[in-house]
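One structure follows; several queries about it will come next.
The model shown is predicted, which means the values in this text are computed figures rather than measured ones.
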Amino acid sequence: MPKGAELITEFLVKEKVPYVFGICGHGNVGMLDALYEARGDITLISPRHEQVAAHMADGYFRVKHEAVATLTSCGPGSANLVMGTALALTDSSAFLAITANVPTSQFNRSPFQEINRHNQADFANVMRPVVKRSFQPTRVDMLPLALRQSMSTMLSGRPGPVNLDVPFNVFQEEADINLESGSRAILNERRSAAAPEDVARAVDMLLAANRPVLFIGHGVAISEACDELSALAHRLSIPVISSPNGMGCIDMEDPLSLGFIGRNGAYPANQAGRLSDLVLAVGARFDDRSSSSWMPGYSWNFPTTKLIHVDVDHAELGRNYAPDLPILADARSFLRQILAALDQRGVTAEPRNREWLNQINGWRDEWDAFTRPNFDLHTKPIRPERIVADCRDVLPDDAIITFDAGVHHNWFMQFWKARRPQTMLNSWGFSGMGFGPSSALGAKLAAPDRPVISVCGDGGFAMVPHVLCTAVEYNIPVVWVVWNNFAWGAIRDIQYGLFNGREIGTAFYAGPNGEPYNPDFAMWARAAGVEAVTVTRSEDFAGALEHAIRANRPYLIDVHVDADVRPPATGAWSLPPVPYKEPVFGKRILPAELV
């Protein structure tokens, strides 16, 4: 008769899960023993912190669109997983979070590491807000159903992490049962489609529009609908605005790609958004950063602008803007329906919206004239534009680049040109620091033949420096580019801009004279066995990055970046009731001006 841990392991192998990212604890030693027996079929990788395990699983899914598992022990080990799980949920990324709990015979006795103030063994309720579903099988014979439902829930509809909370004894006890039969769960195997009348109406609206735009998000990437998206954009000559998680779904060197929108968006994107007469949003959420905090005239002008909103999650339809045509559908199914309807109507690919596209090209020229000179400057400390430009020149099109939250991410949102989908991994919805340095490890395991670079802030890297140990221990050749500006720069800039420069707790200082302070990140890396270099001259960065990629081993570049050069805002961002700043480039255009 199989033990519970053996059933779980058998299920993971059956589902072709290649990795478990897990950290030991007394609560999960039974599961570790089962993984030992199956080590030829599934690999356990043990990072030095549970948060890193979650981000690794998240990064793996975003690159490969296949789920792996995490394993944590009861109490604090699993509590460390919460932030990474919340980040995956808000960015629609999936993994199976197996958490251990206390033995069922000790429920509600307050044994070591039990949470029981409101319910016995209550850790599942800690996880509930940050997962799609939490299951707590308390007997071995409950495992087959819980496992099947966990995987199906994780990968159907809008994907997201699922929690399987397993009491200690369930790992060890035996039962005369088998796993439930059925094929393995696969992302996108269940695709919803739009009603024919909604497709027809959407086509009517697209053909009638004079200034249409597409706004795409992570849903297009998850649905693997990039070919269909590009085909529609080119068939009807519609420019494309991308959220960070949608970047690369259309080649961002394509003339129809406008980049990101919002405060740190590109000027042509904000101009097109606020002057458009129809927006077709596919798999995008209209969060505050991509909508200038929903203030009219900065990024969008709904309801003056008509909105078709397509999403696989009904909760996102109408959350922030009431659509003229809401469509609950998978992105790829919908786009294929639109293309088929255009075929049926005999609508061929020919130049359209010429006046609109000429306007956009004019805005693009204005934006380029304003920003381009700074990309060619060599300064000390290094200007941020230089880092973006050199990364763009050095990295191949299939390179994967990961980001934390921070001012460095703002620069890349505004100026990065992703050539392919799933090559720009962002800490977006929950915006957790530590995601970039950690998810890069999972991304590299998902794509071992492609360069993986984490561009991470000094503040974010210092939260998870133990990623260096994991990279060395398991030979995961990731490159970390530590954007070292001696501050939590994005928040320091808020203090400068909105609180009259009264800075406290956001920059790093030490010594009697309050000199800027950080550890020597390169020395820190070398102490962990990672090759590293410090770059303070802008002329040296491109060569250092080329060498790091060629080395094909864990490598860190500590690059000193000017903290006083800020991305030029082209939209707005509001933190009520604090007054917000107007755009640095461009201006607000209110709905009345569109009439």
Q: For Asp404, enumerate each residue passing the side chain to side chain donor-acceptor pair (under 3.5 Å) test, keeping only those at least two apart in sequence or located in another chain.
A: none

Q: State plainly whether the residues Arg158 and Glu316 are in salt-bridge range, i.e. N to O under 4.0 Å.
A: yes

Q: Quick one: list whatever passes side chain to side chain donor-acceptor pair (under 3.5 Å) with Thr70, sequence neighbours left out.
A: none

Q. Taking side chain as C-beta onward, heavy atoms only, is Thr90 less than 4.5 Å from Trp428?
A. no

Q | side chain to side chain donor-acceptor pair (under 3.5 Å) contacts touching residues 22-36 (sequence neighbours left out) | A | none

Q) Do Asp141 and Arg139 sit within salt-bridge range, that is, some charged N less than 4.0 Å from a carboxylate O? A) yes

Q: Check whether more than 12 heavy atoms from other residues, nucleotides or ligands sit under 6.0 Å from atom NE2 of His314, and answer yes or no.
A: no

(Q) Looking at every heavy atom in both Ala548 and Ile557, which two are closest together, and how far apart are they? (A) CB-CD1, 4.1 Å

Q: I would like to know whether Phe508 and Trp488 meet ring-ring contact (aromatic ring centres under 6.0 Å, His included); could you show each step before the answer?
A: CA-CA 8 Å; Phe508 310 139; Trp488 284 308; 5.0 Å; yes

Q: Mind running side chain to side chain donor-acceptor pair (under 3.5 Å) on Asn116 and Asp122 for me, showing each step along the way?
A: CA-CA 6 Å; Asn116 60 10; Asp122 206 17; over 6 Å; no

Q: Could you tell me which residues satisfy salt bridge (charged side-chain N to carboxylate O under 4.0 Å, His left out) with Glu531, sequence neighbours excluded, listed by chain and number?
A: Arg553

Q. Is it true that the side chains of Glu50 and Asn80 contain a donor and an acceptor less than 3.5 Å apart?
A. yes

Could you go through residues 161-173 and list every donor-acceptor pair under 3.5 Å that involves a side-chain atom there, pairing it with any protein atom two or more places apart or in another chain?
residue : atom : partner : partner atom : Å
Asn163  : OD1  : Ser134  : OG           : 2.6
Asn163  : ND2  : Ala97   : O            : 2.9
Asn163  : ND2  : Thr99   : OG1          : 3.0
Asp165  : OD1  : Thr99   : OG1          : 2.6
Asp165  : OD2  : Asn101  : ND2          : 2.7
Asp165  : OD2  : Gln136  : NE2          : 2.8
Asn169  : OD1  : Thr104  : N            : 2.8
Asn169  : OD1  : Thr104  : OG1          : 3.4
Asn169  : ND2  : Thr104  : OG1          : 3.1
Asn169  : ND2  : Glu173  : OE1          : 3.4
Asn169  : ND2  : Glu173  : OE2          : 3.1

Q) Taking side chain as C-beta onward, heavy atoms only, is Val140 less than 4.5 Å from Glu174? A) no

Q | Ion pair check, Glu6 and Lys3, cut-off under 4.0 Å | A | no

Q. Salt-bridged, Asp311 to Arg285, with N to O below 4.0 Å?
A. no

Q: Could you tell me which residues satisfy side chain to side chain donor-acceptor pair (under 3.5 Å) with Arg336, sequence neighbours excluded, listed by chain and number?
A: Glu228

Q. Got a donor-acceptor contact below 3.5 angstrom from the Ser454 side chain to the Ala440 backbone?
A. no

Q: Would you please name every residue forming a side-chain contact (heavy atoms from CB on, under 4.5 Å) with Ala79, sequence neighbours left out?
A: Phe123

Q.
Going by ring pair (Phe, Tyr, Trp, His ring centres under 6.0 Å), name the residues that satisfy it together with Phe21, two or more places apart in sequence or in a different chain.
A. Tyr19

Q: With sequence neighbours excluded, tell me which residues meet ring pair (Phe, Tyr, Trp, His ring centres under 6.0 Å) with Phe486.
A: His560

(Q) Is the distance from the ring center of Phe260 to that of Trp416 below 6.0 Å? (A) no

Q | Contacts of Phe135 that satisfy ring pair (Phe, Tyr, Trp, His ring centres under 6.0 Å) - sequence neighbours left out | A | none

Q: Please list, chain by chain and in numerical order, all residues satisfying ring pair (Phe, Tyr, Trp, His ring centres under 6.0 Å) with Phe61, sequence neighbours excluded.
A: His65

Mind listing the side-chain donor-acceptor pairs of residues 465-483 below 3.5 Å, one per line with the distance, residues two or more places apart or on another chain?
residue : atom : partner : partner atom : Å
Glu473  : OE1  : Arg48   : NH2          : 3.3
Tyr474  : OH   : Ser46   : N            : 3.0
Trp480  : NE1  : Pro437  : O            : 3.2

